[in-house]
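All of these numbers come straight from a predicted model, not from anything done at the bench. Note: hydrogens, waters and symmetry copies are ignored here, and every other heavy atom, side chains too, is used. Numbered from 1 within each chain, the chains take letters A, B, ... in sequence-line order.
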Protein chains: 2
Amino acid sequence: MSTVKITEEQLQLVEKLGLVFEGPGLQPAAARVAALLVVSDTLELTFDDIREILNLSKSATSNAINLLLNVHRIEYITKPGDRKRYFRSNLARWKNVMKEKFMDLEKTNSVLKEVVDQRTPATKEFNQSLEEMVSLMRFMNQQIPRLFKEWEKSKS
Amino acid sequence: MSTVKITEEQLQLVEKLGLVFEGPGLQPAAARVAALLVVSDTLELTFDDIREILNLSKSATSNAINLLLNVHRIEYITKPGDRKRYFRSNLARWKNVMKEKFMDLEKTNSVLKEVVDQRTPATKEFNQSLEEMVSLMRFMNQQIPRLFKEWEKSKS
DNA sequence: TTTTTGGTTCTGCAAATAGAGAACCAAAAA
DNA sequence: TTTTTGGTTCTCTATTTGCAGAACCAAAAA
């Protein structure tokens with residue numbers, strides 16, 4: 001029986017943030033675990049803390065945690081003389097997660113380029129619009145990393 | 001029986017682009033319809049063209065088309081003395097679709113702000129990292145519309 | 001050596017998604 | 001007035017997803 005407690009409002013916030021996380025491809029249970037580790041006053045929670053607070057089964061908890069570990073959204077520490085793992089949000093990696101999100105524009109872009117390259121020349125106007133899209137995406141992809149750097153600089 | 005034809009390679013490209021479209025929340029059939037209207041040499045396809053080329057049932061075709069119409073990914077024209085609707089990709093709206101994609105960073109951001117505002121002051125370092133994230137997102141949200149404008153200018 | 005702990009894996013089910021096929025329907029054509 | 005066209009809507013089914021519960025397991029503790 002874990003002693004870690006969480007308020008009703010915090011739980012609601014976990015739901016809310018969980019929904020946000022569900023958007024970009026996280027399944028419900030994993031999204032809530034990720035959210036919990038951002039909202040909770042106690043930053044490092046054990047398997048059972050998580051299970052009890054979120055009312056999940058062991059299997060769901062295990063799967064959610066391992067999924068989040070795999071994509072590096074969370075990490076864990078251990079404590080001497082304690083077999084448990086203490087999970088916490090991997091905030092340091094969030095910036096990369098954000099960058100990666102932007103980067104999949106590039107995937108879209110490359111497929112779109114393929115489409116442009118094989119279009120019939122007969123539809124000139126359409127092709128031009130499409131090329132414009134490709135060019136816009138490429139432009140954004142170039143500029144965004146620059147923005148990241150700019151921001152880094154501005155805060156130092 | 002429609003006369004519009006499409007090559008084997010184009011069909012494969014439809015699949016490929018369709019997968020890209022499935023990512024951001026389009027269901028398979030709709031994603032393929034959207035993709036087809038970008039790949040096809042003939043830019044304006046009828047209900048039955050689409051149905052036959054993609055081998056969909058009438059219901060699937062109808063639902064996919066209406067979904068895409070609702071989110072303005074496609075539009076249609078009519079021809080005098082012809083009851084059919086001719087569907088085509090709404091390229092003009094793509095830029096907006098892209099912008100909207102960026103904008104949902106803002107939703108994430110506002111929830112994250114809520115989280116920051118109610119965190120215990122005890123976890124100073126963590127809170128600072130979180131605030132940094134919020135600030136980074138805000139920064140990106142400010143800069144991105146500027147980038148759009150900059151690009152518009154650069155091509156004129 | 002047996003028991004407990006901290007999980008993982010397997011089995012199964014309930015709900016959600018996706019699409020087929022047929023029935024249906026209103027407007028236009030015959 | 002009847003038929004055809006261009007779809008829409010309803011019903012049903014296959015598949016996928018998401019999770020519970022129980023069985024299981026290796027390492028550590030007793």
K.L.:
Looking only at side-chain N and O atoms, does A:R85 come under 4.0 Å of OP1 or OP2 in C:dG7?
P.N.:
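Yes, such a contact exists.
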K.L.:
Starting at atom CD1 of A:I77, determine the distance to atom P of C:dG6, rounded to an integer number of angstrom.
P.N.:
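About 15 Å, once rounded to whole Å.
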K.L.:
Supply the atom-to-atom distance B:L36 CG to B:I50 CD1, rounded to the nearest 0.5 angstrom.
P.N.:
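One finds 6.5 Å between CG of B:L36 and CD1 of B:I50.
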K.L.:
Would you say A:Q142 has more than 12 foreign heavy atoms packed within less than 6.0 Å of its CD?
P.N.:
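Yes.
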K.L.:
Between atom CG in B:L26 and atom C1' in C:dT17, what is the gap in whole Å?
P.N.:
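Value for this atom pair: 15 Å.
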K.L.:
Could you please name the partner base of C:dA30, counting Watson-Crick and G-U wobble pairs only when both distances are under 3.5 Å?
P.N.:
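WC or wobble partner is D:dT1.
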K.L.:
Can B:D41 and B:Q10 be counted as having a side-chain donor-acceptor contact under 3.5 angstrom?
P.N.:
yes
K.L.:
Could you tell me whether B:Y76 and B:F87 have their ring centroids closer than 6.0 angstrom?
P.N.:
yes
K.L.:
For the side chain of A:N127 and the backbone of A:R119, is there at least one donor-acceptor N/O pair under 3.5 Å apart?
P.N.:
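Here the side-chain-to-backbone pair does not exist.
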K.L.:
Nearest whole angstrom, please: distance from the C1' of D:dC10 to the CG of B:N66.
P.N.:
15 Å
K.L.:
Under a 3.5 Å cut-off for both distances, is D:dG18 Watson-Crick or wobble paired, and to whom?
P.N.:
C:dC13
K.L.:
Roughly how many Å is it from CD in A:E52 to P in C:dT5, rounded to a whole number?
P.N.:
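In whole Å, C:dT5 P and A:E52 CD are 13 Å from each other.
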K.L.:
Would you mind telling me which of D:dT8, D:dG6, C:dG7 lies closest to the side-chain atoms of B:K84?
P.N.:
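It is D:dG6.
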K.L.:
Specify the separation, in whole Å, of atom CZ of B:F47 and atom C1' of D:dT5.
P.N.:
12 Å
K.L.:
Can you tell me the distance, in whole Å, between the OH atom of A:Y76 and the C1' atom of C:dT8?
P.N.:
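After rounding, the reported distance stands at 14 Å.
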K.L.:
Nearest-Å distance, CG (B:L69) to C1' (D:dG6)?
P.N.:
14 Å
K.L.:
With 3.5 Å as the limit, what N/O pairs link the protein to nucleotides 27-30 of chain C?
P.N.:
none

K.L.:
Write down the protein N/O and nucleotide N/O pairs, taken from nucleotides 17-22 of chain D, whose separation is under 3.5 Å; answer none if there are no such pairs.
P.N.:
residue : atom : partner : partner atom : Å
D:dG18  : OP2  : A:Q27   : NE2          : 3.3
D:dC19  : OP1  : A:A29   : N            : 3.3
D:dA20  : OP2  : A:S57   : N            : 2.8
D:dA20  : OP2  : A:S57   : OG           : 2.7
D:dA20  : N7   : A:S59   : OG           : 2.8
D:dG21  : O6   : A:S59   : OG           : 3.0

K.L.:
Give a yes or no on whether the backbone of A:F126 and the side-chain of A:T123 come within a donor-acceptor separation of less than 3.5 Å.
P.N.:
no
K.L.:
Measure from NZ or CZ of B:K95 to the centre of the six-membered ring of B:F148, then state whether that distance is under 6.0 Å and the direction lies within 45° of the axis.
P.N.:
no
K.L.:
Whether the side chain of B:S154 engages the backbone of B:W151 through a donor-acceptor N/O pair (distance < 3.5 Å, no angle test) should be reported.
P.N.:
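Yes; at least one donor-acceptor contact below 3.5 Å.
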K.L.:
Once you round it to whole Å, what is the distance between C1' of C:dG19 and CD1 of B:I65?
P.N.:
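About 15 Å, once rounded to whole Å.
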K.L.:
Within the distance-only criterion (no hydrogens, no angle test), does the side chain of B:N109 pair as donor or acceptor with the backbone N or O of B:E106 below 3.5 angstrom?
P.N.:
no
